[in-house]
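Lettering follows sequence order; numbering is per chain, from 1. Predicted model only: the values in this text are computed from it and were never measured. Because only heavy atoms are used, hydrogens play no part in the values below, and waters and symmetry mates are left out as well, while side chains stay in.
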Amino acid sequence: MEPLKSQESPMDTRYDQKKEDTIYAEWENSGYANPDVCIKKKVTKTAAKPFSIVLPPPNVTGVLHVGHAAMIATEDIMVRFERMRGKKTVWIPGTDHAAIATQSKVEGIIYKKEGKTRYDIGRDELIRRIEEFAKESHDIIISQIKKMGASIDWSREAYTLDEKRSLGVRTAFKRMFDDGLIYRGARMVNWDPKMQTTVSDDEIEWIDEKSPLYYLKYGPFTIATARPETKFGDKYVVMHPSDKRYKEYKHGDKIKLEWINGPVTATVIKDKAIDMSFGTGVMTITPWHDATDMEIAERHSLDKEQIIDYSGKLMGLAGEFSGIHIKKARPLIVEKMKEKGLLDHIEDDYSHRVATNMRGGGIIEPQVKEQWFVAVNKEFKMGPSKIKGIKTGQKVTLKQLMRHVITSGEINIVPKRFEKTYFQWIDNLRDWCISRQIWYGHRVPVWYKKGEVNCGTDAPKGAGWEQDPDTLDTWFSSGLWTFSTLGWPKKSSDFETFHPTSVLETGYDILFFWVARMILMSTYLVGEVPFKNVYLHGLVRDAQGRKMSKSLGNTIDPLGLIDTYGADAVRLALVIGAAPGNDIKMSEDRVRGYRNFSTKVWNASRFVLMNYFPSKVKPKFTKDDLKNIKEFEKIKKTVTAELERFDMNKAGDVLYHYFWHTFADKVIESTKQRLKDNPNEADRMAAQTVLMDISIGSLKLLHPFMPFVTESVWKNMPDEVKKRDLLMVEPW
RNA sequence: GGGUGCUUAGCUCAGUUGGUUAGAGCGUCUCGUUUACACCGAGAAGGCCAGGGGUUCGAAUCCCUUAGCACCCACCA
């Protein structure tokens with residue numbers, strides 16, 4: 001056998017990142033991300049076990065950030081690993097219409113460019129514009145997901161607002177409506193006067209604020225308030241029943257006193273909700289605009305009056321101040337009180353928290369309003385159930401279902417500590433307000449006609465029906481994601497094969513928003529858990545450890561890093577050293593380090609190839625050869641075991657060190673002598689065989705972590721070691 | 001007010017069920033042009049694993065406690 005001359009080496013000393021797009025195209029064209037193709041091409045057995053995972057759909061509000069990149073890297077590792085192991089593997093992509101966030105964004109753009117509001121351009125036109133924006137955003141996101149190397153099944157792509165998913169939403173709504181779990185009621189809601197919509201409890205962000213605390217003279221009492229502009233209608237004065245300072249006042253006493261706009265009659269109310277140590281221990285209440293006040297008012301059947309309208313302006317009750325926005329009204333009112341001698345004193349530097357709409361909206365004003373709710377504490381008869389410990393026909397509440405599947409262990413949360421967080425949230429959960437007064441999203445499938453109400457998946461027959469103008473909370477549709485993407489409510493083999501999904505991988509920040517809602521929807525609607533495992537990754541933070549967010553503008557562009565260091569390096573930097581549930585601080589140094597590792601993998605393989613000369617001579621292995629092979633086998637076992645328990649971090653770390661500091665530094669070095677001018681052909685063959693075998697094995701193990709370099713190296717490997725055309729589907 | 005996490009080498013962080021001299025990347029220092037790789041190799045310095053107490057033959061790891069930081073939840077006017 002004529003040895004190759006080393007200068008004819010087929011490979012450069014550097015792996016060429018520019019070829020990543022070409023490699024991705026090969027994967028895509030192969031169709032191997034689609035389990036049906038894998039079966040057809042006999043890469044996967046028909047009877048193979050399924051492995052399924054849904055991609056948490058990115059919002060179509062912009063571009064991918066590093067957090068998405070971490071998520072894609074982690075999931076792709078799981079998916080590639082399971083596919084290579086021969087499982088019937090599917091990873092389902094999609095995007096989320098993110099109703100309020102997207103509309104808010106587009107409204108902002110329109111207002112900036114044209115100075116027009118949504119009311120100026122109208123419902124249909126606004127939706128058209130949003131769809132246009134969403135489409136662009138979608139295309140960018142998809143191309144970014146591909147850049148990361150995601151071996152995702154594009155043939156199954158879904159959108160939370162597409163036709164199939166919309167049917168799912170209407171079906172879900174109707175089922176819940178018919179079961180009495182969805183109801184319409186006037187309740188206290190979080191109203192955003194800026195976006196003109198309600199917001200769920202979970203979408204509120206509390207911001208610390210310092211503001212003056214005003215002490216006002218209310219007849220014989222002094223009351224403290226941070227919001228004097230809400231006090232016009234106050235006609236109840238509340239104190240703790242066992243507060244000795246006010247024992248002379250009895251519950252129900254009427255007191256005539258002079259107030260902002262003239263004399264009023266105040267009624268004394270005794271209620272234990274009062275904190276005696278706060279201020280003077282006395283307060284007046286504004287039930288319409290405060291949840292605590294509302295509860296007190298409900299307990300004693302007190303009057304409730306609206307003082308602030310939905311755009312944030314004072315109403316008739318405010319007398320001379322009516323029509324003025326609360327922000328402008330405050331100083332005027334304080335001034336008037338001062339003149340009337342109603343202002344006792346002002347305490348500066350009082351810190352409290354203000355509720356804001358985290359989706360780019362304004363300051364929340366609690367309001368009482370008719371809305372649609374999901375009743376989480378109402379009993380219903382469970383439909384066909386495959387959930388362990390829940391029987392078909394059993395009486396349960398949604399809250400009980402959500403709790404049960406975690407306590408029973410049917411869903412396993414990694415890391416475990418988040419179970420506690422989850423339970424805490426469930427225990428505090430109130431009925432879920434699902435209606436929004438924005439226009440982009442799933443319209444509430446309820447129609448009205450002269451007092452008649454009809455809920456259905458389609459508009460009722462006959463003329464004169466008018467559909468409810470409200471749209472649904474975006475999480476209502478994403479809650480269906482694990483099964484709506486598999487074809488539900490229609491029967492489908494995808495659903496039969498892949499539900500419940502194997503694992504849900506997402507950031508811990510949307511445990512409540514999304515994970516909990518999927519559990520609610522899936523257990524109720526399909527009688528199954530949505531997934532068997534929940535793997536929560538940490539948040540990728542900036543240099544100061546702050547959460548990266550579009551609104552803060554501190555996002556790192558993962559594409560920039562991919563351009564300079566390659567996708568594999570970025571993937572490794574985001575996965576290795578990141579323990580589940582712990583935050584990841586992104587630094588370019590780390591990426592550079594892993595880029596060097598990519599080069600190492602490239603060059604070590606190159607060396608092995610340069611010394612690979614097939615021959616008929618039987619290799620004669622030395623003791624060290626056998627030891628080296630044995631050591632690799634051990635690494636293989638460890639990596640497999642770690643990946644099985646979703647410890648990508650550990651598996652990656654082990655591989656990294658093995659490949660670099662054992663295989664490259666020790667094994668390769670120790671064979672150099674034997675490969676060069678060795679008269680003992682059997683010994684040389686042994687050396688080259690050991691190197692080739694370990695290389696092949698290592699490339700397979702490394703592939704889920706760094707698919708581009710490994711696939712690229714694989715192309716140069718001799719055909720006789722390959723079982724398939726792409727490393728992507730080589731047997732593990 | 002409840003809850004969770006973090007505090008380990010100069011910097012950024014790993015260390016799953018407690019087990020021999022505590023690890024990585026980057027940085028620092030010394031040496032090195034050898035059949036791949038300088039995006040490299042060989043080696044070195046650098047740590048009372050936040051403080052205190054306890055359990056144990058043995059603790060970075062388990063328990064208690066103190067402090068600082070971060071985050072989550074909650075109706076304090």
Side-chain angles (χ1 to χ4, degrees), chain A residues 6-7 9 11-15 188 201-202 206 213-214 223-227 230-231 234 238 273-286 290-296 350 352-353 366 414-425 427-430 508-509 511-512 538-539 541 543-547 565-566 569 572-573 576-611 641-642 645 647 649-650 652-653 656-657 660-661 664-665 668-669 671-673 675-677 691:
Chain A
S6 62
Q7 55 265 47
S9 162
M11 298 157 76
D12 295 327
T13 57
R14 294 281 161 74
Y15 146 73
M188 175 141 286
D201 292 346
D202 301 295
W206 293 89
L213 186 65
Y214 303 91
I223 56 164
T225 182
R227 301 192 62 192
T230 63
K231 296 285 154 196
D234 290 8
V238 193
I274 299 297
D275 178 357
M276 288 189 272
S277 63
F278 186 90
T280 55
V282 186
M283 73 173 195
T284 61
I285 57 169
T286 316
D290 187 284
T292 313
D293 292 4
M294 178 56 98
E295 277 173 31
I296 294 172
Y350 168 68
H352 65 146
R353 288 171 324 168
V414 181
K416 202 120 191 126
R417 64 171 188 272
F418 282 100
E419 287 185 1
K420 205 164 179 175
T421 318
Y422 176 84
F423 289 137
Q424 191 186 16
W425 178 80
D427 292 341
N428 287 315
L429 185 62
R430 297 184 296 174
Y508 65 71
D509 55 328
L511 178 64
F512 308 138
L539 267 36
R541 296 184 174 270
Q544 291 120 54
R546 289 183 309 176
K547 195 166 159 176
Y565 301 108
L572 289 172
I576 297 182
N582 282 11
D583 291 347
I584 309 153
K585 267 188 203 165
M586 191 56 175
S587 84
E588 199 163 331
D589 270 351
R590 286 170 54 79
V591 183
R592 197 178 298 123
Y594 289 114
R595 187 272 320 267
N596 295 353
F597 180 58
S598 297
T599 311
K600 183 54 108 177
V601 170
W602 178 261
N603 278 302
S605 310
R606 199 161 68 94
F607 177 85
V608 172
L609 274 169
M610 283 165 66
N611 290 286
E642 296 298 345
R645 29 182 292 192
D647 202 338
N649 163 33
K650 182 76 177 290
D653 197 51
Y656 174 94
H657 289 104
W660 198 326
H661 301 299
D665 290 347
I668 288 187
E669 288 305 321
T671 55
K672 279 184 176 173
Q673 294 277 325
L675 292 168
K676 191 183 179 187
D677 307 325
L691 291 189

Exercise. Among all residues two or more places apart in sequence or in another chain, which pass the ring pair (Phe, Tyr, Trp, His ring centres under 6.0 Å) test with Phe418(A)?
Worked result: Tyr508(A)
Seminar exercise, completed: The answer to which of Leu675(A) and Ala224(A) contacts RNA chain B further toward the 5' end, by nearest nucleotide, is Leu675(A)
Exercise. Rounded to the Å, how far apart are Asp201(A) CG and rC72(B) P?
Worked result: 16 Å
Exercise. Which whole-number value in Å describes the distance from Leu572(A) CG to rC26(B) C1'?
Worked result: 16 Å
Exercise. Does Ala641(A) have any side-chain contact (heavy atoms from CB on, under 4.5 Å) partners at least two apart in sequence or in another chain, and if so, which?
Worked result: none
Seminar exercise, completed: Residue set satisfying side-chain contact (heavy atoms from CB on, under 4.5 Å) with Val414(A), at least two apart, ordered chain then number -> Asn412(A), Tyr535(A), Pro580(A)
Exercise. Looking at the rings of Tyr656(A) and Tyr594(A), which for Trp means the six-membered one, are their centres under 6.0 Å apart?
Worked result: yes
Problem set entry | Nucleotide rC73(B), atom C1' - distance to CH2 of Trp425(A) in whole Å | 12 Å
For this session: Using the test salt bridge (charged side-chain N to carboxylate O under 4.0 Å, His left out), find all partners of Arg417(A) that sit at least two apart in sequence or belong to another chain.
Result: none
Problem set entry | Residues in salt bridge (charged side-chain N to carboxylate O under 4.0 Å, His left out) contact with Asp201(A), at least two apart in sequence or another chain | Arg430(A)
Problem set entry | Atom-to-atom span, CG of Asp202(A) to P of rC73(B) - whole angstrom | 8 Å
Problem set entry | Distance, rounded to the nearest Å, where Leu429(A) contributes CG and rC73(B) contributes C1' | 12 Å
Exercise. Has Lys672(A) got its NZ or CZ under 6.0 Å from the middle of the six-membered ring of Phe607(A), at an angle within 45 degrees of the ring axis?
Worked result: yes
Would you tabulate the pairs of protein nitrogen or oxygen atoms and nucleotide nitrogen or oxygen atoms of nucleotides 3-9 of chain B closer than 3.5 angstrom?
{"from": "rU4(B)", "atom 1": "OP1", "to": "Lys420(A)", "atom 2": "NZ", "distance (Å)": "2.8"}

Protein-nucleic acid N or O pairs under 3.5 Å, nucleotides 44-46 of chain B:
none

Short N/O separations, protein against nucleotides 36-39 of chain B, under 3.5 angstrom:
{"from": "rA36(B)", "atom 1": "O3'", "to": "Arg606(A)", "atom 2": "NH2", "distance (Å)": "3.2"}
{"from": "rA36(B)", "atom 1": "O2'", "to": "Asn603(A)", "atom 2": "OD1", "distance (Å)": "3.0"}
{"from": "rA36(B)", "atom 1": "O2'", "to": "Arg606(A)", "atom 2": "NE", "distance (Å)": "3.3"}
{"from": "rA36(B)", "atom 1": "O2'", "to": "Arg606(A)", "atom 2": "NH2", "distance (Å)": "2.3"}
{"from": "rA36(B)", "atom 1": "N7", "to": "Lys672(A)", "atom 2": "NZ", "distance (Å)": "3.1"}
{"from": "rA36(B)", "atom 1": "N6", "to": "Ala664(A)", "atom 2": "O", "distance (Å)": "3.4"}
{"from": "rA36(B)", "atom 1": "N6", "to": "Glu669(A)", "atom 2": "OE2", "distance (Å)": "3.0"}
{"from": "rA36(B)", "atom 1": "N3", "to": "Asn603(A)", "atom 2": "O", "distance (Å)": "3.2"}
{"from": "rA36(B)", "atom 1": "N3", "to": "Ala604(A)", "atom 2": "N", "distance (Å)": "3.4"}
{"from": "rC37(B)", "atom 1": "O4'", "to": "Asn603(A)", "atom 2": "OD1", "distance (Å)": "3.3"}
{"from": "rC37(B)", "atom 1": "O4'", "to": "Asn603(A)", "atom 2": "ND2", "distance (Å)": "3.2"}
{"from": "rC37(B)", "atom 1": "O2'", "to": "Asn603(A)", "atom 2": "ND2", "distance (Å)": "3.3"}
{"from": "rC37(B)", "atom 1": "O2", "to": "Lys600(A)", "atom 2": "NZ", "distance (Å)": "2.5"}
{"from": "rC37(B)", "atom 1": "N3", "to": "Lys600(A)", "atom 2": "NZ", "distance (Å)": "3.1"}
{"from": "rC39(B)", "atom 1": "O4'", "to": "Asn596(A)", "atom 2": "OD1", "distance (Å)": "3.0"}
{"from": "rC39(B)", "atom 1": "O2", "to": "Arg595(A)", "atom 2": "NE", "distance (Å)": "2.8"}
{"from": "rC39(B)", "atom 1": "O2", "to": "Asn596(A)", "atom 2": "OD1", "distance (Å)": "3.3"}
{"from": "rC39(B)", "atom 1": "O2", "to": "Thr599(A)", "atom 2": "OG1", "distance (Å)": "2.5"}
{"from": "rC39(B)", "atom 1": "N4", "to": "Arg14(A)", "atom 2": "NH1", "distance (Å)": "2.6"}

Exercise. Given atom CZ of Arg353(A) and atom C1' of rG1(B), what is their separation to the nearest angstrom?
Worked result: 11 Å
Problem set entry | Bracket notation of RNA chain B in which parentheses pair within the strand, [ ] cross earlier pairs, and | pairs with another strand (Watson-Crick or G-U, under 3.5 Å) | (((((((..((((.....[...)))).(((((.......))))).....(((((..]....))))))))))))....
Exercise. Rounding to a whole Å, what distance do you find between Ile576(A):CD1 and rG15(B):C1'?
Worked result: 15 Å
Under 3.5 Å, N/O pairs linking protein and nucleotides 19-25 of chain B:
{"from": "rA24(B)", "atom 1": "O2'", "to": "His657(A)", "atom 2": "NE2", "distance (Å)": "3.4"}

For this session: With sequence neighbours excluded, tell me which residues meet side-chain contact (heavy atoms from CB on, under 4.5 Å) with His352(A).
Result: Glu209(A), Ser211(A), Ala226(A), Tyr350(A), Val354(A)
For this session: Please identify each residue that fulfils side-chain contact (heavy atoms from CB on, under 4.5 Å) with Glu419(A), with sequence neighbours left out.
Result: Ile406(A), Ile413(A), Lys416(A), Phe423(A)
Seminar exercise, completed: Comparing Asn428(A) with Thr284(A), nearest RNA chain B nucleotide closer to 5' gives the residue Asn428(A)
